[in-house]
> 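Handing you a structure now.
One-based numbering along the sequence shown.
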Amino acid sequence: MDTETLRKEVARIRWHHQIDLGHCIVTPGYDNSRRKLDRLHFPASFAGKSVLDVGAWDGFFSFEAERRGAKRVLATDSFSWGGGGWGTQDGFQLARRALGSKVEDRFIDVLDLAPEKVGVFEVVLFLGVLYHMRHPLLALERVASVTRELLIVETAV
């Protein structure tokens with residue numbers, strides 16, 4: 001996709017994340033996710049790891065895990081991608097194409113996560129989702145059930 005077409009596509013989407021798509025194009029999301037990486041103690045390398053990003057929305061953290069060497073990344077969402085909020089999956093899809101990414105996606109609710117449905121991942125990202133949950137402890141149990149090594153949880157208090 002040429003730069004001008006990419007700019008037009010970016011402009012038609014309401015973004016949550018700020019994602020650098022290259023060609024001097026950064027999506028205009030209100031969440032400066034790059035700034036959160038240090039605070040989250042985001043690993044410098046995901047080399048050889050499988051990563052699950054729960055509540056991925058536009059996919060900033062999914063694409064960052066891939067950029068840091070993850071062998072497999074699965075981005076999941078249901079609320080944002082299903083139109084429950086003001087977002088859609090359009091941003092994720094465009095960013096994946098623009099970045100030439102191999103990040104997989106799956107429409108699944110947090111409470112439906114289970115090893116037999118999505119597998120088990122070395123690293124699970126559960127960022128900005130917990131405080132939305134009606135049953136937060138159940139959500140944590142479901143997320144923990146698909147985590148092998150490291151679960152990174154970020155929420156508002």
> Would you call Glu104 and Arg72 a salt bridge, taking side-chain N to carboxylate O under 4.0 Å as the test?
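Judged by the 4.0 Å cut-off on N to carboxylate O distance, Glu104 and Arg72 do form a salt bridge.
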> Restricting to non-hydrogen atoms, name the atom on Ala139 and the atom on Val110 that form the minimum distance, rounded to 0.1 Å.
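Closest heavy-atom pair between Ala139 and Val110: CB-CG1, 3.9 Å.
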> Which residue, Asp77, Leu125, Val73, Thr76, forms the side chain to side chain contact (heavy atoms under 4.5 Å, CB included) with Ser62?
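Answer to the side chain to side chain contact (heavy atoms under 4.5 Å, CB included) test with Ser62 among Asp77, Leu125, Val73, Thr76: Val73.
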> Taking the side chain as C-beta and beyond, is there a heavy-atom pair between Leu21 and Thr27 under 4.5 Å?
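Counting from C-beta outward, Leu21 and Thr27 do come under 4.5 Å.
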> Check whether any side-chain heavy atom of Val124 sits under 4.5 Å from a side-chain heavy atom of Ile152, and report yes or no.
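No, side chains not in contact.
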> Ignoring hydrogens, what is the shortest heavy-atom contact between Asp20 and Gly22? Give both atom names and the distance.
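Closest approach of Asp20 to Gly22, heavy atoms only: OD1-N, 2.8 Å.
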> Assigning hydrophobic clusters by single linkage (Ile, Leu, Val, Met, Phe, Trp, Tyr; side-chain heavy-atom cutoff under 4.5 Å), is Val129 placed with Phe121?
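Shared cluster, yes.
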> Do Trp57 and Ile13 share a hydrophobic cluster (ILVMFWY, side-chain heavy atoms under 4.5 Å, transitive)?
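Result: no, two separate clusters.
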> Please check if any side-chain donor atom of Asp105 sits under 3.5 Å from a side-chain acceptor atom of Gln89, or the reverse.
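Looking only at side-chain atoms, Gln89 and Asp105 do form a donor-acceptor pair, the distance falling under 3.5 Å.
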> Could you tell me whether a side-chain N or O of Ser101 sits under 3.5 Å from a main-chain N or O of Arg97, the two making a donor and an acceptor?
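No; zero donor-acceptor contacts below 3.5 Å.
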> How far does OG1 of Thr155 sit from CE of Met133, to the nearest 0.5 angstrom?
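Reported value, rounded in 0.5 Å steps: 11.0 Å.
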> If you look at every heavy atom in Tyr131 and Ala156, which pair is closest and at what distance?
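The pair with the smallest heavy-atom distance is CD2-N, 3.6 Å.
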> Decide if atom CG of Asp38 counts as having more than 12 heavy atoms of other residues, nucleotides or ligands within a radius under 6.0 Å.
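Counting other residues, nucleotides and ligands, CG of Asp38 stays at 12 neighbours or fewer.
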> State the CZ-CG distance between Arg96 and Leu99, to the nearest 0.5 angstrom.
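It is 11.0 Å, given to the nearest 0.5 Å.
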> Would you say the side-chain atoms of Arg68 pair up with the backbone N or O of Pro43, donor to acceptor, closer than 3.5 Å?
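Checking the backbone N and O of Pro43 against the side chain of Arg68, a donor-acceptor pair under 3.5 Å is found.
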> Linking I/L/V/M/F/W/Y whenever any side-chain heavy atoms sit under 4.5 Å apart, do Phe60 and Val10 land together?
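Same hydrophobic cluster.
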> I want to check something: taking the side chain as every heavy atom from C-beta on, are Leu52 and Val123 in contact at a cut-off of under 4.5 Å?
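No. Closest side-chain heavy atoms not under 4.5 Å.
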> Testing the basics here: between Ala114 and Val146, what is the closest heavy-atom pair and its distance to 0.1 Å?
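For Ala114 and Val146, the tightest heavy-atom pair comes out as C-CG1, 3.6 Å.
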> Treating Ile, Leu, Val, Met, Phe, Trp and Tyr as nodes and any side-chain heavy-atom pair under 4.5 angstrom as an edge, say whether Leu150 and Val120 lie in one connected cluster.
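The answer is no; the residues belong to distinct hydrophobic clusters.
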> Rounded to the nearest 0.5 Å, what separation is found between the CG atom of Asp58 and the OG atom of Ser80?
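Taking CG in Asp58 and OG in Ser80, the distance rounds to 8.0 Å.
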> Once you measure the plane-to-plane angle for His17 and Phe61, does it fall in the parallel (<30°), tilted (30-60°) or perpendicular (>60°) bin?
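Rings of His17 and Phe61: perpendicular, as their planes differ by over 60°.
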> Between Phe107 and Phe79, is the gap from one ring center to the other below 6.0 Å?
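No, ring centres 6.0 Å or more apart.
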> Is any side-chain heavy atom of Phe46 less than 4.5 Å from a side-chain heavy atom of Arg67?
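Result no, sub-4.5 Å side-chain heavy-atom pair not found.
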> Mind checking the OG1-CZ spacing from Thr88 to Arg14? Nearest 0.5 Å is all I need.
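One gets 11.0 Å once the value is rounded to the nearest 0.5 Å.
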> Mind checking the OG-CG spacing from Ser78 to Asp112? Nearest 0.5 Å is all I need.
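Ser78 atom OG to Asp112 atom CG measures 8.0 Å (nearest 0.5 Å).
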> If we ignore hydrogens and angles and just use 3.5 Å, is the side chain of Glu122 paired with the main-chain N or O of Glu149 as donor and acceptor?
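A pair under 3.5 Å: no.
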> State, to 0.1 Å, how close Gln18 and Val26 come at their nearest heavy-atom pair, and which atoms those are.
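Closest heavy-atom pair between Gln18 and Val26: CB-CG1, 4.1 Å.
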> Counting C-beta onward and ignoring hydrogens, is there a side-chain heavy-atom pair between Leu94 and Met1 closer than 4.5 Å?
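The answer is yes, as the side chains (C-beta and beyond) meet within the 4.5 Å cut-off.
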> Where do Glu154 and Phe126 land on the side chain to side chain contact (heavy atoms under 4.5 Å, CB included) test, with the steps shown first?
CA-CA 6 Å; Glu154 184 264 342; Phe126 192 47; over 6 Å; no
> Can you tell me how far the CG atom of Leu40 sits from the CD atom of Glu64, to the nearest 0.5 Å?
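Leu40 CG to Glu64 CD: 11.0 Å, rounded to 0.5 Å.
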> Could you state whether Val153 and Phe42 fall into the same hydrophobic cluster, counting links through intermediate Ile, Leu, Val, Met, Phe, Trp or Tyr residues with side-chain heavy atoms under 4.5 angstrom apart?
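In one cluster with Val153: Phe42, no.
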> What are the two closest non-hydrogen atoms of Val118 and Leu74, and how far apart are they?
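Nearest pair, atom of Val118 first, then Leu74: CB-CD2, 4.3 Å.
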> According to the interplanar angle, ranging from 0 to 90°, do the rings of Trp81 and Phe92 count as parallel (below 30°), tilted (30 to 60°) or perpendicular (above 60°)?
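Tilted: the ring planes of Trp81 and Phe92 meet at 30° to 60°.
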> Got Asp31 and Lys36 here, is their nearest side-chain heavy-atom distance under 4.5 Å?
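The answer is yes, as the side chains (C-beta and beyond) meet within the 4.5 Å cut-off.
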> Is it the case that more than 12 heavy atoms not belonging to Arg12 sit under 6.0 Å from its CZ atom?
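More than 12 within 6.0 Å, yes.
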